[in-house]
Amino acid sequence: MKTIDIEDLPWQELTRSADELFAELFPVCRSLTGEGVRQTLRRLAGVTPFELREVPSGTACFDWVVPDEWNIKGAYIKNSRGETIVDFARNNVHVVSYSVPVNTTMSFAELDPHLHYLPNLPQAIPYRTSYYNRDWGFCLSHDQYVTLDKEDTYRVVIDASLSPGSLTYGEAFIPGDSGKEFLVSTYCCHPSLANDNLSGPILWTLLLKVLRSRKTRHSYRFIIIPEKIGALAYLSHHEQAMKKVYGGFVITTVAGPGEPGYKGSFQGDHLVDRAVRQAFVDADKAYVAYPFDINGSDETQYSSPHFRIPTGTITKDKYYEYDYYHTSLDDLDFVKAAYLIDTLKMYLLTIENLELDLTYRSLNPCGSPMLGKRGLYPKVGGQIRQKAAAPAHASGVSQA
Amino acid sequence: MKTIDIEDLPWQELTRSADELFAELFPVCRSLTGEGVRQTLRRLAGVTPFELREVPSGTACFDWVVPDEWNIKGAYIKNSRGETIVDFARNNVHVVSYSVPVNTTMSFAELDPHLHYLPNLPQAIPYRTSYYNRDWGFCLSHDQYVTLDKEDTYRVVIDASLSPGSLTYGEAFIPGDSGKEFLVSTYCCHPSLANDNLSGPILWTLLLKVLRSRKTRHSYRFIIIPEKIGALAYLSHHEQAMKKVYGGFVITTVAGPGEPGYKGSFQGDHLVDRAVRQAFVDADKAYVAYPFDINGSDETQYSSPHFRIPTGTITKDKYYEYDYYHTSLDDLDFVKAAYLIDTLKMYLLTIENLELDLTYRSLNPCGSPMLGKRGLYPKVGGQIRQKAAAPAHASGVSQA
Amino acid sequence: MKTIDIEDLPWQELTRSADELFAELFPVCRSLTGEGVRQTLRRLAGVTPFELREVPSGTACFDWVVPDEWNIKGAYIKNSRGETIVDFARNNVHVVSYSVPVNTTMSFAELDPHLHYLPNLPQAIPYRTSYYNRDWGFCLSHDQYVTLDKEDTYRVVIDASLSPGSLTYGEAFIPGDSGKEFLVSTYCCHPSLANDNLSGPILWTLLLKVLRSRKTRHSYRFIIIPEKIGALAYLSHHEQAMKKVYGGFVITTVAGPGEPGYKGSFQGDHLVDRAVRQAFVDADKAYVAYPFDINGSDETQYSSPHFRIPTGTITKDKYYEYDYYHTSLDDLDFVKAAYLIDTLKMYLLTIENLELDLTYRSLNPCGSPMLGKRGLYPKVGGQIRQKAAAPAHASGVSQA
């Protein structure tokens, strides 16, 4: 009664598909909103269909409001000699996400507070955002930062727009008849960063593709949303449905070179947690166990008091835990499609365990069933469990 | 408020009674049904009365059907020289229980598949049955088996009948007014085998005799039945009554030379289990604890999902555990009436603990009762628990 | 949100107050009833007001009846030479409490059964009572007892009255709006004995004074009663109110030189117990833990099945545990106001813990609250928990 036969899946094709999606989608500049997200979701919906939805800027979502839509065409810093120091075209991580438009010349002293770099990881460009505080900024490597002439003046251009539009998300539903529904959520709002978070949307898409090709007992609600505000928008627009969800997963950071990990639900031993732990036993794999923590991703929203959806996350190089997290070094050299496929297998084994979670009711509850009439009992009685130490073939029933 | 004063019982008389019953009833050929069972039950009902009941062959009992009645007059194997090799008259264990009638001559090759022996216990005749599969067979020691001439022809006779009749069981009821009822069940279907199971019916009878001579708080339902099909027949004909039974015991293998044991109920810490454990504490005796296992005796039927009667078994040389189990060596040399009486004491101590299981409700729940007006308080107050180390007689109240 | 700032209290004034009350009230002859109790309660009510109530002799209190009122003017034993051997005027512990009036001459043999002394504590006068058994007696040191001439005759006078009157108690109520009410009870029925029990009423009075000067969340019911019969009278006249009390304290033996102690409630881990244990942690003090025992004081009444008020007692030299318990050596040399104040602090810390026992309900239960709009979130996002080892000031956000 297996829902999915892990051995039977087209692993080569899935790995190739993951590889192609990494290559195509990595360069796209995504953020909470904007054309980058739409382009990404449309590409993924080409792998296996799901619906795209739009939530207008200004829509209230509990304590939050959907922000204006951000789009960017280009950005750069040039020195007084016209040399381009920092260029969005080379790496979209260079611009603080949600930067307001800028087109001006300023001294280094004026520019400096808008520059972000990492002295302790001097070759990496950090990833920074300013979603809910109207500001602008550039991110650059510390190596580059120290070469800047502090006496020079700089031309600073961010050719971006931040104005009413909408937040885009995707969703798909796989119906089952067990009465139990599970959420499979990922987020799609980071620019050119591979493990956190392009790996999440790719795994989410392949999982949806594999799972819907089978008949499942449980229902699965797949959503792909910008982090936090997208989860809040979805929760606020599906409040009743989401209160009934039995458990869930947030798919993120699934393709790094490090150890597999599992961040547990707030219950710690919910069916979701037990299904994952058993999956690692099934796969005979060790993993790092991370207890629930409200610092993290959208499980914080799903686990909030009003919704209380126990939500787990299987990782391969968990966010916060690897050195290149939220830097330009989290790139296509860091991740591998094969690692993503390893994590996909763990999710499939987990879902298999959820599907197998059944309690059988005896059809013959009044005493023992008669095994003999079903050919399940030895023809000669009385010889069970004779303790005297002898090999089974010497049981004393001579062979005809 | 003791129900039974263990010290006060006529132990010599009970031991003599056990001895007599072993001697008289051991030779009788019992099986699931037939005159051997009736003869045994009538003899036991002469010790203390209980009702005999008959359930016709063909009666449906949940997943089972009461089989035809089996009776046997004699059986033997003779070689071509007319020498009797195996004779039912010498030991009724020689014939596979429920063997169909046979009267024919055959080669060794034809006979061999019908012969049962134990290479690893070469002097013992095994006990074998074929209740629900119409067949026939002989059991013999391996020492005897190896002497058979494989080139000879054999005269094989089983003078038995297997035809519609009835299954016989016995029952008695000791009423109490606590609202709690306990089952005391034993089985009576084995031929000349002493510990498993003649010891069970004898202890059951003596326990019934002792217990009904006292006023008990609880009710006790005593049944003596052929194993499995008898329990199923009883359950199916007393379904509502049996669903209300609070706990029970299956009495079996109570007179061997080995360690006392206790096979617990499926709950493990039901009142029945706690009463037995306390009884061993009361008696200052160690015992082997066997956890519940559906492999066993009629506790499997009583514990089934529809009935859920927590059922325990106090043993002395538990079935499955001793080398002579289900062989002709489980005879009157193996058991002792004194061992049976030891186990009877454990059952009586256990029932005493069940009887003492009371929760008292205060008639004076609002503050302390006034002990003084009931003559239960010292006449002079203030002197309680003075710590200074002095003997009680020097408490400072001079004696008049 | 502290109810009481321990540091802020006028400790010198409280200590002086305790000292004065010990000095003034120690000589008063108290018993279950009578003018000594009234005089004591009136003096305490001068420190902080509470109501005095009277319950007539003969009033039924569950299994008990309020006894006649006892008052005493004087008592002595003189020998035939007119020398005063024992004099109530020197120490009121000399007379068995509730002694009936006596005025007669008798032989030593007649007197002897009425004399109480402690051979193992030869200098101490024991404290004895005969509340519910009409009798009389004298208590004297063993040293004094052995000097009595066994051939002499003795003049014995107890100028006491035992006749219908009333039992006196005091009460005060501090209202709160949490819906939880706690009982603070002490007893006031011992003559010149300092730790057990004058220390209790003094601490009770100072605690009431301090607590009512603050706004409390919980309600506190303060009662000061004669031991046992007073508690029973109070319970029987406030049955419905007392059934709703959530927890309580019996204040007794709080000013001795020994170790602090805590006698737990019958639950052992009730909020009351946890609040006390935390108070000792807060104060960084060790204490002797005494489990609940129905032998003790009025917690026995409050904990009875009908009322079930978990009640704890913080002690300093717990009753039963110190050598001078219930003797004339439990005097003003034994106790110290400073020790009483130490225990008062523990009660205040405990009540502070009760007051702080709150469960917060989120006003924003649907997902995360938006911290940014409340100025609680960093202005730049994405930089949380970067693991690469660098000091916080080198986070790469240059300072403006």
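Below, chains carry the letters A, B, ... as their sequence lines are ordered, and counting in each starts from 1.
- With a 6.0 Å radius and a threshold of 12 heavy atoms from other residues, nucleotides or ligands, C/R374 has its CZ atom above the threshold.
- Within a 6.0 Å sphere centred on CG of C/L371, heavy atoms belonging to other residues, nucleotides or ligands number more than 12.
- For A/D63 against C/M370, the heavy-atom pair with the smallest separation is OD2-N, 2.6 Å.
- Counting heavy atoms of neighbouring residues, nucleotides and ligands inside a 6.0 Å radius, atom CG of C/L376 exceeds 12 of them.
- Nearest heavy-atom pair across C/C366 and A/F307 is CB-CE1, 3.9 Å.
- Atom CG of residue A/L232 and atom OG of residue C/S368 lie 6.5 Å apart, to the nearest 0.5 angstrom.
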**Request:** Mind running side-chain contact (heavy atoms from CB on, under 4.5 Å) on A/D135 and C/K379 for me, showing each step along the way?
**Result:** CA-CA 9 Å; A/D135 199 350; C/K379 288 202 180 300; 5.9 Å; no
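- Expressed to the nearest 0.5 Å, how far CG of C/N364 lies from CH2 of A/W64 amounts to 9.5 Å.
- Within a 6.0 Å radius of CD in A/E110, other residues, nucleotides and ligands contribute more than 12 heavy atoms.
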